[in-house]
Amino acid sequence: VNSNIPTLKQRFLGSLIALLIRAVGVTLRFRIDDRAGIVGDPPEGSLIWIFWHNRVFTVPYIYRKFLPDRRGAVLTSPSRDGEIIAQVMRRFGAGAVRGSSNKRPAAALRELVGWVKGGNDIVITPDGPRGPVYKLQPGVIKVAQLTAAPVFPVGVRYSKCFRLKSWDGFMIPWPFSRVDVVFGDFYTVPRTRDDASFEAEREKLESLLKQIAA
């Protein structure tokens, strides 16, 4: 269990960023391509949301606006920045699991599986927290195989955006711009018997996500 208590600064920044997301979000024109049919006919069970790290800015707003009845947690790194992200997500009604491929990987995996088995969604940016950009890391495949929960790929494209000088070219949409959102078809990752078939599944899911947003 991560015992870190958020600092006053982290809580303040979390509130500030959440306010900024809402302020920009109300000006945006969203165009939804609901291939999964999740808005009109939401599934009963848990889902594993995935989307690229550099599109995360609008996802909390999209989540509250279009899928407000879903409940779950977001995987964030155990770093100080990860705590700020956790604080942002808390203000949109989502929990947080702290971990990454480098820090607390086994503990984070157990927590993610626990959230799913408890009937909740989990949210993973599979190329985060440090990239390479648009390279799907294997953790999401492991969680999907352990839980048998469908993967829910979400594509986000901005008509106009500001790009930060970060490893992934993090995108912040311009106010009053258009956001195209694809709720991709659910994909259930099958069990694999060897490294080659596991890698084939990883490549397939990476390709699926790139098709709807890259």
Side-chain angles (χ1 to χ4, degrees), residues 1-7 10-11 13-14 17-18 45-57 59-60 62-63 67 70-154 156 166-168 170 184 186-192 195 198-199 201-206 208-209:
V1 177
N2 192 294
S3 58
N4 289 345
I5 298 171
T7 64
Q10 287 168 331
R11 289 198 297 268
L13 286 173
I17 293 167
S46 303
L47 297 172
I48 301 169
W49 295 45
I50 60 168
F51 48 86
W52 298 126
H53 187 274
N54 60 14
R55 317 300 167 92
V56 74
F57 184 86
V59 172
I62 291 166
Y63 156 62
L67 301 168
R70 310 294 307 177
R71 291 289 177 268
V74 178
L75 178 65
T76 69
S77 77
S79 66
R80 285 174 291 184
D81 288 348
E83 180 56 49
I84 293 168
I85 294 169
Q87 291 296 314
V88 172
M89 296 312 302
R90 198 159 287 134
R91 283 147 184 79
F92 285 91
V97 173
R98 310 300 304 282
S100 69
S101 56
N102 298 319
K103 295 181 180 178
R104 300 186 75 246
L109 184 63
R110 285 195 301 272
E111 287 180 44
L112 289 169
V113 170
W115 273 89
V116 172
K117 290 188 174 178
N120 303 283
D121 292 354
I122 55 172
V123 178
I124 299 173
T125 52
D127 60 342
R130 293 182 181 174
V133 65
Y134 305 145
K135 174 80 170 178
L136 188 132
Q137 302 296 329
V140 64
I141 304 292
K142 293 176 185 175
V143 176
Q145 290 180 330
L146 285 169
T147 60
V151 177
F152 174 42
V154 178
V156 181
S166 58
W167 63 267
D168 61 349
F170 191 89
F186 303 138
Y187 180 70
T188 301
V189 179
R191 293 274 183 166
T192 49
D195 291 347
F198 182 93
E199 175 60 16
E201 285 300 318
R202 191 203 64 77
E203 289 179 356
K204 182 174 183 179
L205 201 54
E206 180 178 282
L208 284 172
L209 194 51

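- Residue Gln145 comes nearest to Thr192 through the heavy atom pair NE2-OG1, 3.0 Å, listed as atom of the first residue, atom of the second, then distance.
- Using a 4.5 Å heavy-atom cutoff, the side chains of Val97 and Ile122 are not in contact.
- Scanning both residues, Thr188 and Ala148, for their nearest heavy atoms gives CG2-O, 4.2 Å.
- Counting heavy atoms of neighbouring residues, nucleotides and ligands inside a 6.0 Å radius, atom CZ of Arg80 does not exceed 12 of them.
- With contacts defined as side-chain heavy-atom distances shorter than 4.5 Å, the pair Glu83/Arg98 qualifies.
- In this structure, CZ on Arg70 lies 4.0 Å from CG on Asp121, to the nearest 0.5 angstrom.
- Looking only at side-chain heavy atoms (C-beta outward), Trp52 and Pro126 come within less than 4.5 Å of each other.
- Side-chain atoms of Arg91 do not come within 3.5 Å of backbone N or O of Ala18 as any donor-acceptor pair.
- What you find for Thr147 and Val143 is that their closest heavy atoms are OG1-O, 2.8 Å.
- With hydrogens and angles disregarded, a donor-acceptor distance shorter than 3.5 Å links the side chain of Arg202 to the backbone of Leu136.
- Each of Ile50, Leu209, Leu208, Ile48 was evaluated against Tyr187; a single residue qualifies, Leu208, per the side chain to side chain contact (heavy atoms under 4.5 Å, CB included) test.
- Taking each heavy atom of Met89 and Val74 in turn, the nearest pair found is CE-CG2, 3.7 Å.
- Salt bridge absent: Glu201 and Lys204 never bring a charged side-chain N and a carboxylate O closer than 4.0 Å.
- Considering CD of Gln10 and CD1 of Ile5, their distance stands at 11.0 Å, rounded to 0.5 Å.
- For Ser77, the side-chain contact (heavy atoms from CB on, under 4.5 Å) test picks out Ser79, Pro129, with sequence neighbours left out.
- The shortest heavy-atom contact between Gly131 and Trp167 is CA-CZ3, 3.2 Å.
- In this structure, Arg90 and Gln87 have side chains that are in contact, with non-hydrogen atoms separated by less than 4.5 Å.
- In this structure, CG in Asn54 is found 4.0 Å from OH in Tyr134, a value given to the nearest 0.5 Å.
- Between the NE2 atom of His53 and the CD1 atom of Ile124 there is a distance of 13.0 Å, given to the nearest 0.5 Å.
- Once rounded to the nearest 0.5 Å, the distance linking CG of Leu146 with CZ of Arg191 reads 6.0 Å.
- Applying the ring pair (Phe, Tyr, Trp, His ring centres under 6.0 Å) test to Phe152 and every residue at least two apart in sequence or in another chain returns Trp49, Phe183, Phe186.
- Asp127 contributes no side-chain N or O that, together with a main-chain N or O of Val133, makes up a donor-acceptor pair within less than 3.5 Å.
- Listed here is the closest heavy atom pair of Leu75 and Gly99: CD1-O, 3.5 Å.
- Under a 3.5 Å cut-off, the side chain of Ser46 and the backbone N or O of Val116 do form a donor-acceptor pair.
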